[in-house]
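Sequence lines set the chain letters: A, B, ... in the order given, protein chains first and strands last, and positions in each chain run from 1.
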Amino acid sequence: MSTPAVPALRARQVNTRRRAALKYAIKRIVIVPISLFVLGSISFVLVFFIPGKPAVTILGDFATPEQVARVNQELGLDKPLGERYLSYWGRLLHGDLGKSFFTNEPVLDDIGKFLPNTLELVVLSLLVAVLLGLLIGVVGAYFSRRWPDRLMSGITSALQSVPDFFLALVGIYVLFFLLGWAPAPIGRLPVSASGTESFLIFGSLFSGDWETFGAAVSHAVLPVLTLGLVYSAYFAKTTRGSMGKALLTPQVEFARACGLPERKVVYYAFLSARTTVITYIAILFGSLLGGAAIVERVFNWRGVGQWALEGVLKVDVPVIQGFVIVAGLMTLTLFLVLDLLVLALDPRVSYE
Amino acid sequence: MSERTLDRRGSGWMFVRANPGIVIGAGLLLLMLLGAFFAPLPFDPVTPDPANVMLSPSGQHIFGTDSNGFDVFSRVIAAGRRDLPLALIGTAVSLVIGLLIGLPLSSKSRYSEGFMRALDAFQSFPLIVLSVTIVALTGNNIENIVYAIVIINGPRFIRLIRGEALAIRDGRFIEAAVASGARPRRIVFRHIMPNVVDICLVQSSLTAANAIIVIAALNFLGVGVSPPDPTWGSMVQAGAQGISLGQWWVAIWPGVAIFVAIASLNVLANGIQRRVEGG
């Protein structure tokens, strides 16, 4: 009697779940324009924190009042606040981020030039960090409370305690000065080479330009290793935690009871722990866009973080604004993709 | 000697045996602080000696000298005077902000949810760049690095304390307190706050570790530095050029000091965590 009712009930349950997921996804997407509005407004307000006048920053302390007035007019600073805010949004929506006070280069062009360098660095570093972190974390969780676990947690705490710029310098000393394996920390290519295209590594790999590729990779080894090692500690910690829990669940016991090989058992345990790792990849990606700045500076990598940092140190307002907007935009997009991905991968997430 | 003193000494040793992490971490930190303020230094940390520039470590200058002829050992020890108290102050301010904002927000009202979303958006910024901006803009003093520490760590405290307080609020004893007519303020201070002390202690030592990294990173960039006063970050920066030439001692020793300070705070945090969990 109840047999026909069961499939109908299940269908309805699945339907409700789907609808909840869809609702969540739509809600998540609707938030984006609101976040963008807040982001743009924050970047506008930033200017008011600047001590002194932008005109004085541009012209120096000995500018005459006429010069200051002229620059203020050029920047539109003589207009009322509401009008400035509106024209700011107008320019922003046309993709005009203004020009640097010092180099007079359009900010958007600069970002287009430097962002690919940072993206290459961050993607490769995260790759190293994830692989190394997963290895440390899984080994630690698998040999829980035995000596490999202690060793791995020791390595994790050590990596957590090293500032990235210090590890970079140690790396330069050991791998460049002592051993001579890595090239000097002077940028992305040797001085003699003149490749200035963006996406040096990925680009030369796809076009088969092995000479450039080899040079670019050897220059990338130290910065990638530095960031990869420092950030692997985060993955090691989260993986150790979530894998430790996953390996104690009944499903793992069941998998062992079924006689699956240990490799498979660990793999299945990892599947249930993977959303934490994915979440961490997104979070670290966002924070590395700016967080790599110091390492970029040490290796003169000419990335967007280094560019923004130098803008900040010179109080170059359009550069700061442009960086805040672009970095914020990328982080927002990333978190949106992340949330939708987790939604698709993990049926345990609730949508309320 | 009475039995009681023996007993107390015995229990002190028991504490050391049971909590090696707390003792080692706190001990190292205390040693660094005491050394920074009271240790007799072999050379004055801010007096240059042009006759002895870039000497490698030797019996007289055990950590060597830098390009100004400063004694690296004296400077590494003296830098703790600035770096360590600043990190502790930044941590204390972050903790207070976390308590003041996190505890009142520990309800599931629409406002508090909205505030948490705003906090999400704020934390998704590249905060190190934001904090460099703020320190650079508020005047290039080392004291202003406290703002940077608070901007990065305040939200973490808020999130942590709110989450913990939310969980505690579901407890029976809170229900009982409400039923017996306790005012909200009494519930928060008398019933909830004592229960978040543990995690606050753990988070505080993690925050102090992070604060030391933030201070060192900003000083490394030249933000908030007033030469010739030594700080670990600015000393690493001073040695960064020479490291490709093999003059490792100028940058490595202050780096080791940073590492030891952060590691002892992490060990302390682990020790407290273990004690709290009763493991």
Side-chain angles (χ1 to χ4, degrees), chain A residues 31 34-35 38-39 42 46 49-52 153 156-158 160-174 176-178 184-186 282-283 286-294 297-298 304-305 308-315 317 320 323-324 327-328 330-332 334-335, chain B residues 117-118 120-140 206 209-210 212-218 220-223 232-233 236-237 239-248 250-252 254-267 269-270:
Chain A
I31 293 178
I34 303 172
S35 314
V38 173
L39 182 69
I42 288 178
L46 212 62
F49 286 111
I50 315 268
S153 82
T156 311
S157 341
Q160 245 185 333
S161 306
V162 192
D164 49 11
F165 59 89
F166 178 58
L167 193 63
L169 292 179
V170 174
I172 292 172
Y173 181 69
V174 175
F176 166 66
F177 180 76
L178 286 185
I186 46 157
I283 292 175
S287 74
L288 266 174
L289 283 179
I294 300 180
R297 201 170 142 103
V298 169
V304 75
L309 203 62
E310 277 153 18
V312 166
L313 295 176
K314 285 187 296 194
V315 201
V317 180
I320 304 173
F323 179 73
V324 167
M330 293 191 63
T331 322
L332 283 175
L334 200 69
F335 277 50
Chain B
R117 290 288 84 76
D120 280 342
F122 180 70
Q123 277 190 294
S124 67
F125 264 6
L127 288 180
I128 187 87
V129 171
L130 193 66
S131 54
V132 173
T133 315
I134 285 172
V135 178
L137 296 185
T138 49
N140 218 343
L206 290 176
N210 177 272
I212 287 179
I213 293 193
V214 171
I215 297 169
L218 292 190
F220 179 77
L221 295 171
V223 176
W232 289 323
V236 175
Q237 164 61 30
Q241 288 297 320
I243 207 140
S244 324
L245 308 169
Q247 292 151 341
W248 56 272
V250 185
I252 297 295
V256 170
I258 299 173
F259 178 79
V260 171
I262 297 170
S264 53
L265 282 163
N266 282 338
V267 168
N270 274 339

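Only the backbone of B/Leu245 comes within less than 4.5 Å of a heavy atom of chain A; no side-chain atom from C-beta onward does. With a 4.5 angstrom heavy-atom cutoff, B/Val236 touches chain A via backbone and side-chain atoms both. Contact annotation for B/Ala216: both backbone and side-chain heavy atoms come within less than 4.5 Å of a heavy atom of chain A. For A/Leu169, the parts lying near chain B are the backbone and the side chain together; criterion is any non-hydrogen pair under 4.5 Å.
Interface summary for chain B: among A/Pro185, A/Ser157, A/Ala158, A/Ala308, the most heavy-atom pairs under 4.5 angstrom belong to A/Ala158. Heavy-atom pairs under 4.5 Å with chain A were tallied for B/Ala261, B/Ala209, B/Gly246; the largest tally goes to B/Gly246. Chain B forms more heavy-atom pairs under 4.5 Å with one residue of A/Leu178, A/Leu288, A/Ile294 than with any other, namely A/Ile294.
The two atoms that bring B/Ile243 and A/Phe177 nearest to each other are O-CB, 4.2 Å, heavy atoms only. The two atoms that bring A/Gln160 and B/Ile262 nearest to each other are O-CG2, 4.3 Å, heavy atoms only.
Applying the side-chain contact (heavy atoms from CB on, under 4.5 Å) criterion to B/Gln237, with sequence neighbours excluded, gives B/Phe220.
Between A/Phe166 and B/Ile252 there is a side-chain heavy-atom pair separated by less than 4.5 Å.
Side-chain N/O atoms of A/Ser161 and B/Asn266 include a donor and acceptor closer than 3.5 Å.
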